[in-house]
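A quick write-up on the structure given underneath.
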Amino acid sequence: MLRRLTLFLASNGRITDFIRRKGMSTGFARRFVAGETLDEAVQAIVELNRAGMTASLDFLGESITDRGEAGKAAGHYLEILDAISRASIRCNISVKLTQLGLDIDLSIALENMRHILTKAKEYEIFVRIDMEGSRYTELTLEAFRQLHREFGNGVGPVLQSYLYRTEADLESLMPLKPNVRLCKGAYMEPPEVAFPDKADVDKNYVRLLEKLLLEAGYTGIATHDEAIIRHARRFIADKRIGQERFEFQMLYGIRRDLQARLVREGYKLRVYVPYGSQWLPYFMRRLGERPANLWFVLRNVFKG
Ligand code: FDA
């Protein structure tokens, strides 16, 4: 219901125009987005590092259908890698294949990924491939498998617990001992491909997480769900899973209290830090996840 309302808002030109125009200047988009420039993002990560957290930097952008633009996005990621190295920040990168040309052709996204991964390897920086809507799942995993053959665990995929197919995907990836980020999934999906009930998504998350913690090379536990985090902590302690096998991951600006608490208690915590001028789709997904976020923005719209 809430997601549908957000989608309605996202399709309402006046509202999205307002959010696009005012989100950064009045500051309400900055709650979830580190800024529009790389300098702003690096500064945010310096502060996270200071607080004992690592980061994953995401240059926002998706659904690029022009080959030149996809190449430019890849070029920007090369600059990001240089900037990470220059600033000596503890940070890896997250990329979306539709930003790198997947909508044009898989071969273009792969070519761009190879440029990024070659440089990332020089700097020993890990590259995470974000998972997008379900029409891209198969291609994204195929790209990951190809790149894993060339770059090993310098690259890792994301799995989403809301998809029925994920359990089988995980089984088929396990022989690679991959570095996997597990999340619930952020896109509007039909009941033919994804669990419609949140309780089933959560149950599946726990099932997949236990398998990952026991068998994967490395697990990014990407959630703000306190019940799941409690369960993960108990499971990790019971099975004596070492700190080198997992980390918690959360989004920039969400549950900062919980982020700080996990660090205080000695867990590794990575914050996903998005930045760039194309922040609207990311921002709208965050709004759809929690009613309070939506009212917060609507209040700003009416004030404006
Ligand atoms: P859930 O939605 O149940 O929320 C649990 C609690 O977290 C809420 O009760 C609330 O307190 C807090 N919370 C969650 N979302 C909030 C919000 N927007 N604002 C304020 N509070 C909020 N998705 C995807 O499809 N592909 C991907 O590649 C990624 N990558 C990714 C990386 C990382 C590091 C994280 C943490 C998440 C993703 N996601 C993602 C997003 C993910 O799929 C999911 O949409 C969000 O994490 C919200 O789900 P939770 O697991 O937090 O649980």
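When a ligand or atom number is given, it counts from 1 through the structure's own listing order.
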Applying the side-chain contact (heavy atoms from CB on, under 4.5 Å) test to F126, which of I93, N153, N179, L117 qualifies?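 Answer after filtering I93, N153, N179, L117: N179.
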Out of the candidates D130, I64, L60, only one should pair with Q99 under the side-chain contact (heavy atoms from CB on, under 4.5 Å) rule; please name it.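 Of the listed residues D130, I64, L60, the side-chain contact (heavy atoms from CB on, under 4.5 Å) partner of Q99 is I64.
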For the pair R286 and E289, find out whether any cationic side-chain nitrogen is under 4.0 Å from an anionic carboxylate oxygen.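 Counted as a salt bridge, because a side-chain N and a carboxylate O are separated by less than 4.0 Å.
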Only heavy atoms of A222, strictly under 4.0 Å: list the atoms of ligand 1 that pass.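 Within the 4.0 Å cut-off of A222, ligand 1 contributes 33 (C), 34 (C), 35 (C), 36 (C).
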Out of all atoms in ligand 1, which are within 4.0 Å of some heavy atom of D225? Include the element for each.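 With D225 as reference, the close atoms of ligand 1 come out as 3 (O), 5 (C).
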Heavy atom to [atom], shortest distance: which of [options] holds it?
atom: atom 21 (N) of ligand 1; options: Q160, R290, E226; result: R290
atom: atom 13 (N) of ligand 1; options: I254, D130, L163; result: I254
atom: atom 2 (O) of ligand 1; options: R270, M131, K198; result: K198
atom: atom 47 (O) of ligand 1; options: H224, K184, R181, E189; result: H224

Is there a polar contact, in the sense of an N or O pair closer than 3.5 Å, between [X] and ligand 1?
X: C183; result: no
X: D202; result: no
X: A186; result: yes

Can you confirm whether the side chains of N204 and Y164 place a donor and an acceptor under 3.5 Å from each other?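 Checked: N204/Y164 side chains show no N/O donor-acceptor pair below 3.5 Å.
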Are L163 and I221 joined in one hydrophobic group, where the rule is that I, L, V, M, F, W and Y side chains link up if heavy atoms are under 4.5 Å apart?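 No: no chain of side-chain contacts under 4.5 Å links L163 to I221.
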Could you tell me whether Y205 approaches ligand 1 through its side chain, its backbone, both or neither, with non-hydrogen atoms closer than 4.0 Å?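 Contact part for Y205 vs ligand 1: neither.
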E171 and salt bridge (Lys or Arg N to Asp or Glu O under 4.0 Å): which partner among K211, R207, R165?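 For E171, the salt bridge (Lys or Arg N to Asp or Glu O under 4.0 Å) test succeeds with only one of K211, R207, R165, which is K211.
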Ring centres of F59 and Y275 under 6.0 Å apart?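 Between Y275 and F59, which both carry aromatic rings, the centre distance is below 6.0 Å.
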Taking the side chain from D197 and the backbone from V201, do they hold a donor-acceptor pair closer than 3.5 Å?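 Pair absent, no side-chain N/O of D197 close to backbone of V201.
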Run the contact test for R128 against ligand 1 with a 4.0 Å cut-off on heavy atoms, strictly below, and give the result.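 It does not, in that no heavy atom of R128 comes within the 4.0 Å cut-off of ligand 1.
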